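Step one of this worksheet: look at the structure below.
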There are 2 protein chains.
Amino acid sequence: MADTGTQGGETLLFLTDEQLRKGIEAMFFAYRGFTADPDRILDKYGYGRAHHRAIHFINRQPGLTVTTLLDVLGVTKQSLNRVLRTMIEDGLVESRVGRKDKRARHLHLTEAGLALERELSEAQRARMRAAYRTAGPQAVAGFRHVLEAMMDPEIRRHYQTMKDGG
Amino acid sequence: MADTGTQGGETLLFLTDEQLRKGIEAMFFAYRGFTADPDRILDKYGYGRAHHRAIHFINRQPGLTVTTLLDVLGVTKQSLNRVLRTMIEDGLVESRVGRKDKRARHLHLTEAGLALERELSEAQRARMRAAYRTAGPQAVAGFRHVLEAMMDPEIRRHYQTMKDGG
DNA sequence: CTTGGAAAGTCAACAAGGCTGACATAAAAT
DNA sequence: ATTTTATGTCAGCCTTGTTGACTTTCCAAG
């Protein structure tokens, strides 16, 4: 392997403005690909990305409260409530009153919600899987490492918390 | 180094659904970080992400036509025209009638436009640079590799074209 | 020279999904 | 008893995406 390591000399080539610009464009274009497949599916059902994000995290952490979800998504409660309400009305999401704290609402996906989650995440994972396969395990490790370093510290907490199935 | 290579056995751990899910969340959270700094700057001037994207690609390829930009950004001309018009009125962007083909409009940043571009891209590159530095050159190569594999083929063309300063 | 069609721009209308502010209710905490 | 927290809701605003219809300009082919 070529030594692109960290010791000396012309070793920081990867930090040139041009390299950084390419990284920025890569993020922009890749994110488009990342959302393309789910967007098409969501469209069929009259939903949008906001619904997808909510579904994703409710599935990830069933029973989480509205406040927790708000925190993870980083939007206002009015904004979240709009998408949550439609999904509850449509029978994709169930909102259960807390046993201990009766103010809290715990969110769960219904069978229909789980079905949509699977359809969405299968499409998204298929693309991710293809990219991973093309790039190889070492690249995947690097990918994750850079993305993690790019997050805001507060957000990184959410990410890592869910690592172990918080 | 631990062998995470491609030969056999438990070697495809990185393709488990759980690993793929983590990659998906990493993209989501990292993209938030990626746009956070420019968003704050844009807000000061009353612009949005759409303006940033236009500025980025006009700077990248000065003199490009509206149609080309439309193609790169993947939005409708009505949508692009709205942000372009405000930036032309505000004196950030200049639209020059083509010499050969007088229908075509060639877009350039003015001094003011270049100044905003610098402000935006410096902020974005600073974050990128920090992430790159933390992760190291090998990780950066992997990062770029996975992102590239994640793009739609048609989009990847744009990306690679601009690699050499199209 | 006429005409077909591409490039660009504009107007109108609409939708998703962000935002703020104000306010209501229930329940927990002090 | 009072304050704080969690949730939900109403109203209104903004950005940025969409479609559809239409005009002007002008290159290029016939």
Side-chain angles (χ1 to χ4, degrees), chain A residues 28 31-32 35-36 38-58 63-90 93-108, chain B residues 28 31-32 35-36 38-58 63-90 93-108:
Chain A
F28 172 61
Y31 201 79
R32 285 245 292 272
T35 55
D39 281 354
R40 270 187 290 271
I41 294 166
L42 290 158
D43 217 50
K44 289 194 305 182
Y45 301 98
Y47 294 125
R49 268 183 218 178
H51 301 83
H52 184 188
R53 293 195 280 262
I55 286 175
H56 175 96
F57 289 108
I58 295 171
L64 87 177
T65 66
V66 171
T67 303
T68 305
L69 185 53
L70 235 31
D71 208 34
V72 171
L73 294 177
V75 297
T76 59
K77 66 175 174 176
Q78 292 91 331
S79 207
L80 175 59
N81 214 261
R82 189 160 36 197
V83 307
L84 227 38
R85 199 190 318 154
T86 71
M87 291 195 297
I88 290 169
E89 283 166 5
D90 294 354
V93 171
E94 202 185 335
S95 169
R96 300 183 194 155
V97 173
R99 280 190 313 164
K100 280 181 55 181
D101 184 339
K102 291 177 196 161
R103 290 169 306 177
R105 302 304 149 92
H106 298 269
L107 302 170
H108 298 262
Chain B
F28 172 62
Y31 201 79
R32 285 246 293 272
T35 55
D39 281 354
R40 270 187 289 272
I41 293 166
L42 290 158
D43 217 51
K44 289 194 306 180
Y45 300 99
Y47 294 124
R49 268 184 217 179
H51 301 82
H52 185 189
R53 294 196 279 262
I55 286 175
H56 175 96
F57 288 108
I58 295 172
L64 87 177
T65 66
V66 171
T67 303
T68 305
L69 185 53
L70 235 33
D71 208 36
V72 171
L73 294 177
V75 298
T76 59
K77 64 176 173 175
Q78 293 90 331
S79 205
L80 174 59
N81 214 261
R82 189 161 34 200
V83 306
L84 228 38
R85 199 190 319 153
T86 69
M87 290 196 296
I88 290 169
E89 283 168 4
D90 295 353
V93 171
E94 203 186 334
S95 169
R96 300 184 195 155
V97 174
R99 278 192 312 163
K100 282 181 54 179
D101 185 340
K102 290 179 196 159
R103 290 168 304 178
R105 302 304 149 93
H106 298 269
L107 303 169
H108 298 262

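None of these values were measured; they are calculated from a predicted model. First the proteins, then the strands, lettered A, B, ... as listed; each starts at 1.
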Check your understanding: Tell me, which of residues 48-57 of chain B have any heavy atom that sits under 4.0 Å from an atom in DNA chain D?
Key -> B:G48, B:R49, B:A50, B:H51, B:R53
Point to revise | Within residues 74-86 of chain A, residues whose heavy atoms come under 4.0 Å of DNA chain D | key: A:K77, A:Q78, A:N81, A:R85
Indicate every side-chain donor-acceptor pair of residues 44-56 of chain B with a distance under 3.5 Å to a residue at least two apart or in another chain.
from	atom 1	to	atom 2	distance (Å)
B:K44	NZ	B:E119	OE2	2.9
B:Y45	OH	B:E119	OE1	2.7
B:Y47	OH	B:D90	OD2	2.4
B:R49	NE	B:D39	OD1	3.2
B:R49	NE	B:D39	OD2	3.2
B:R49	NH2	B:T35	OG1	3.1
B:R49	NH2	B:D39	OD2	2.8
B:H51	ND1	B:G48	N	3.0
B:H51	NE2	B:T86	OG1	3.4
B:H56	NE2	A:E25	OE2	2.7

**Study point:** Parallel, tilted or perpendicular, as decided by the 30° and 60° cut-offs, for the rings of B:F28 and A:F57
**Key:** tilted
Distance check needed: [N] [atom2] versus [X] [atom1], whole Å only.
X: B:I88; N: C:dG9; atom1: CD1; atom2: C1'; value: 10 Å
X: B:M87; N: C:dG9; atom1: CE; atom2: C1'; value: 16 Å
X: A:L107; N: D:dG8; atom1: CG; atom2: C1'; value: 13 Å
X: A:L73; N: C:dC19; atom1: CG; atom2: C1'; value: 16 Å
X: B:H106; N: C:dG9; atom1: NE2; atom2: P; value: 11 Å
X: B:D39; N: C:dC19; atom1: CG; atom2: C1'; value: 13 Å
X: B:R105; N: C:dT10; atom1: CZ; atom2: C1'; value: 13 Å
X: A:R32; N: D:dT16; atom1: CZ; atom2: P; value: 16 Å

**Study point:** Steps toward side-chain contact (heavy atoms from CB on, under 4.5 Å) verdict (A:N81, A:R85)
**Key:** CA-CA 6 Å; A:N81 214 261; A:R85 199 190 318 154; 4.0 Å; yes
Check your understanding: Should B:I58 and B:L84 be marked as a side-chain contact (heavy atoms from CB on, under 4.5 Å) after you check the CA-CA gap, both sets of side-chain angles, and the distance that decides it?
Key -> CA-CA 11 Å; B:I58 295 172; B:L84 228 38; 4.2 Å; yes
**Study point:** Trace of the side-chain contact (heavy atoms from CB on, under 4.5 Å) decision for B:L70 with B:L73
**Key:** CA-CA 5 Å; B:L70 235 33; B:L73 294 177; over 6 Å; no
Review point. Do any of residues 95-104 of chain A sit with a heavy atom less than 4.0 Å from DNA chain C, and if so which?
Key: A:K100, A:D101, A:K102, A:R103
Review point. Atom CG of B:L69 and atom CG of B:L64: how far apart are they, to the nearest 0.5 Å?
Key: 5.0 Å
Practice item. Enter the distance from B:R40:CZ to B:D43:CG here, rounded to the nearest 0.5 Å. Key: 10.0 Å
Check your understanding: salt bridge (Lys or Arg N to Asp or Glu O under 4.0 Å): which pairs involve residues 96-108 of chain B, sequence neighbours left out?
Key -> B:E94-B:R96, B:D101-B:R103
Revision key, fill the gap. Any stem touching DNA chain C, meaning at least three consecutive Watson-Crick or G-U pairs under 3.5 Å, ordered by first number, would be C:1-30 with D:1-30
